[in-house]
Amino acid sequence: MNYLLTGLLSVSLVYSVWAGNPAGIVLYFEDGQDVFFLLADDADGVRGWGAYGGGSEEGESVMETAARETEEETRGYFRREWLLEKLRGQRPVKSANGFRMFFVEVPFVPAQRVMQNPLEDEANPVFRERAHYAWIPESDLKRALEDGSTDIDPLYLPSSCEVKSYWDVWLDNMADAYRRNACPWQVTGNERH
């Protein structure tokens, strides 16, 4: 079963997990030759690798939800105030499953630095939703989108992680963004072939 069919079957599961207006951010950087995504797997090892996001809290805008969720899921490394500034003026890509996705270009930081970021509130479980972090090149993502696989080349993943596949729902969201030419590197004409 390819990831698109699996993703469509997962939509009802996503709605049962996300409340309100689900939103998130794809963090990326460009090195001149490729685009790299800072992705993470979930701590439960159930979903697979993807970007950051989740359901809204009462009174939040879509942008505020995306920034809060990303701050929490990057263990506070990327602060919501900084993310909100980066999101100013952006329009999210709304996927078929209702998720609203933003893109933020970030400076390179070793994935281990994010994974080991000291927590301000050790007892707060929202900062422990993700287990491992890795920079995955766009070329690997595009390969998965083209061949219908969810597998990630193990070369890019920490050896300690057990999950070695993309989250199919996140793949669907990215496929939507590519089809719409909504990724910032596509808009600027820097799309990698």
Exercise. Given Ser95 and Asp172, is the side-chain contact (heavy atoms from CB on, under 4.5 Å) satisfied, shown in steps?
Worked result: CA-CA 8 Å; Ser95 298; Asp172 287 344; over 6 Å; no
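- Considering every non-hydrogen atom in both Pro137 and Asp34, the closest pair reads CB-OD2, 3.3 Å.
- The line from CG of Asp153 to OG of Ser139 is 9.0 Å long, rounded to the nearest 0.5 Å.
- Cluster annotation: Val169 and Val26 are assigned to the same hydrophobic cluster (Ile/Leu/Val/Met/Phe/Trp/Tyr, side-chain heavy-atom contacts under 4.5 Å, transitive).
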For this session: Begin from the C-alpha positions of Tyr77 and Met115 and carry the test side-chain contact (heavy atoms from CB on, under 4.5 Å) through to its verdict.
Result: CA-CA 9 Å; Tyr77 187 86; Met115 191 163 73; over 6 Å; no
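- Phe102 has its side chain within reach of Val62: a pair of non-hydrogen atoms, C-beta onward, lies under 4.5 Å apart.
- Ala177 approaches Val93 most closely through the heavy-atom pair CA-CG1, 4.1 Å.
- The structure places CG of Asn21 at 7.0 Å from OG1 of Thr65, a figure rounded to the nearest 0.5 Å.
- Residues Tyr133 and Val109 share a hydrophobic cluster, clusters being chains of Ile/Leu/Val/Met/Phe/Trp/Tyr side chains in contact below 4.5 Å.
- Cluster note: Leu119 groups with Val126, Phe127 through ILVMFWY side-chain heavy atoms spaced under 4.5 Å, whether in direct contact or through intervening members.
- Here the options are Phe29, Trp135, Tyr28, the test is ring-ring contact (aromatic ring centres under 6.0 Å, His included), and the partner is Phe36; only Phe29 passes.
- Using a 4.0 Å cut-off between charged side-chain N and carboxylate O, Arg88 and Glu85 make a salt bridge.
- Side chain of Asn117 to backbone of Arg75: a donor-acceptor contact under 3.5 angstrom is found.
- Across every non-hydrogen atom of Ala144 and Asp147, the tightest pair is O-OD1, 3.4 Å.
- In this view, Arg91 satisfies the side-chain contact (heavy atoms from CB on, under 4.5 Å) rule with no residue, not counting sequence neighbours.
- The cluster map of Ile, Leu, Val, Met, Phe, Trp and Tyr, joined by side-chain heavy atoms under 4.5 Å apart, puts Tyr52 and Met101 in different clusters.
- With hydrogens and angles ignored, the 3.5 Å screen pairs a side-chain donor or acceptor of Arg128 with a backbone N or O of Glu122.
- Across Phe37 and Glu138, no two heavy atoms sit closer than the pair CE1-CA, 3.6 Å.
- Not a single donor-acceptor pair under 3.5 Å links the side chain of Asp41 to the backbone N or O of Val163.
- Arg180 places a side-chain N or O within donor-acceptor distance of the main-chain N or O of Lys94, the cut-off being under 3.5 Å.
- Two residues are said to be in side-chain contact when any heavy atoms from C-beta on lie closer than 4.5 Å; Lys164 and Ile152 fail this criterion.
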Exercise. Which is it for Tyr166 and Ile136 under the side-chain contact (heavy atoms from CB on, under 4.5 Å) test, yes or no, and what are the steps along the way?
Worked result: CA-CA 10 Å; Tyr166 293 106; Ile136 310 292; 3.1 Å; yes
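- Among all heavy-atom pairs drawn from Val114 and Thr74, the shortest one is CG1-O, 3.7 Å.
- Contact of the Val106 side chain with the Trp82 side chain is registered, since non-hydrogen atoms from C-beta on lie closer than 4.5 Å.
- Looking at Glu73, its side chain does come within 3.5 Å of a backbone N or O of Gly53 through a donor-acceptor pair.
- At a threshold of 4.5 Å between side-chain heavy atoms, the hydrophobic network of Ile, Leu, Val, Met, Phe, Trp and Tyr places Leu157 and Leu27 in two separate groups.
- Summarising the geometry, atom NZ belonging to Lys86 is positioned 14.0 Å from atom OG1 belonging to Thr70; distances are rounded to the nearest 0.5 Å.
- Listed by chain and residue number, nothing satisfies the ring-ring contact (aromatic ring centres under 6.0 Å, His included) test with Tyr156 (two or more places apart in sequence, or in another chain).
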For this session: Please assess Glu64 against Ser56 for the test side-chain contact (heavy atoms from CB on, under 4.5 Å), listing each intermediate value before the final yes or no.
Result: CA-CA 8 Å; Glu64 289 167 335; Ser56 63; over 6 Å; no
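- For the atom pair NE2 of His132 and CG of Leu39, the computed distance is 14.0 Å after rounding to the nearest 0.5 Å.
- Salt bridge annotation for Arg100-Glu69: absent, with no cationic side-chain nitrogen under 4.0 angstrom from a carboxylate oxygen.
- Although no hydrogens or angles enter the test, the distance criterion places a donor-acceptor pair under 3.5 Å between the side chain of Asp176 and the main chain of Ala96.
- Atom-to-atom distance recorded for Met174:CE and Phe103:CZ is 4.5 Å, nearest 0.5 angstrom.
- Of the inter-residue distances, the one linking Trp49 atom CH2 with Leu141 atom CG reads 14.0 Å to the nearest 0.5 angstrom.
- In this structure, the side chain of Arg47 does not engage the main chain of Asp42 through any donor-acceptor pair within 3.5 Å.
- No continuous path of ILVMFWY side-chain contacts below 4.5 Å connects Trp170 to Val104, so the two sit in separate hydrophobic clusters.
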